[in-house]
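FYI, side chains are in, hydrogens and waters are out, and symmetry mates aren't considered; it's all heavy atoms of this structure.
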Amino acid sequence: MTEGAALAALAPLFEEVFGEPVPLTPELTAEDVEGWDSTRMIELVIAVEAHFGIKLTTREVDGLSRVGDLAALVARKACA
C-alpha cells in the first residue's frame, strides 16, 4: 500500500471519528482540526487498527506529529 492510498483510506475513518469530513493532507496536524484531543486520538487509533487489521504501539502513536506520519505508518504496517 502506498502512502497516498493509506491517506485516502484514512479519510472515512476520520469522518467516522469526528462526525464530519476532514480534508486530509499529509501536513495536517491535530492543532488544525477542531476537537482533535487525546480522546479522539484514541478513537482514531482504534478505528485505524480495526480497519487495517494492524496494531500500533504506544511508541509509534507517540511519534506521530501529522497525518502524513500516520499514513506512512499505516502503509508500512499494512504491507507487512
Side-chain angles (χ1 to χ4, degrees):
M1 172 179 289
T2 66
E3 288 182 32
L7 187 65
L10 287 169
L13 302 179
F14 272 78
E15 184 171 350
E16 178 184 320
V17 169
F18 289 96
E20 63 185 18
V22 177
L24 298 185
T25 65
E27 296 80 25
L28 188 75
T29 69
E31 293 178 1
D32 300 324
V33 180
E34 186 175 337
W36 190 343
D37 57 14
S38 58
T39 302
R40 286 282 202 269
M41 187 62 182
I42 292 168
E43 292 173 5
L44 190 58
V45 168
I46 291 168
V48 166
E49 288 179 333
H51 180 80
F52 292 101
I54 60 176
K55 290 291 181 191
L56 303 177
T57 67
T58 302
R59 181 179 296 229
E60 289 169 333
V61 172
D62 286 348
L64 302 174
S65 61
R66 53 191 191 92
V67 172
D69 298 336
L70 177 59
L73 180 60
V74 166
R76 189 170 59 252
K77 293 194 92 153
C79 291

(message) According to side chain to side chain contact (heavy atoms under 4.5 Å, CB included), who are the partners of Ile46, at least two apart in sequence or on a separate chain?
(response)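 Ile42.
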(request) State, with a plain yes or no, whether a side-chain heavy atom of Arg40 is found less than 4.5 Å away from one of Val33. (result) no
Measure the spacing between [atom1] of [X] and [atom2] of [Y] and express it to the nearest 0.5 Å.
X: Lys77; Y: Thr57; atom1: NZ; atom2: OG1; answer: 5.5 Å
X: Glu31; Y: Leu28; atom1: CD; atom2: CG; answer: 10.5 Å
X: His51; Y: Leu44; atom1: NE2; atom2: CG; answer: 12.0 Å

Under 3.5 Å, which donor-acceptor pairs do the side chains of residues 2-21 form with other protein atoms, sequence neighbours left out?
residue, atom, partner, partner atom, Å
Thr2, OG1, Ala5, N, 3.0

(message) List the residues meeting salt bridge (charged side-chain N to carboxylate O under 4.0 Å, His left out) with Asp32, not counting sequence neighbours, and say none if there are none.
(response) none
(request) Determine, for Asp69 against Arg66, whether the closest basic-nitrogen to carboxylate-oxygen distance falls under 4.0 angstrom. (result) yes
(request) Of all the heavy-atom pairs spanning Met1 and Ala78, show the shortest one and how long it is. (result) SD-CB, 4.3 Å
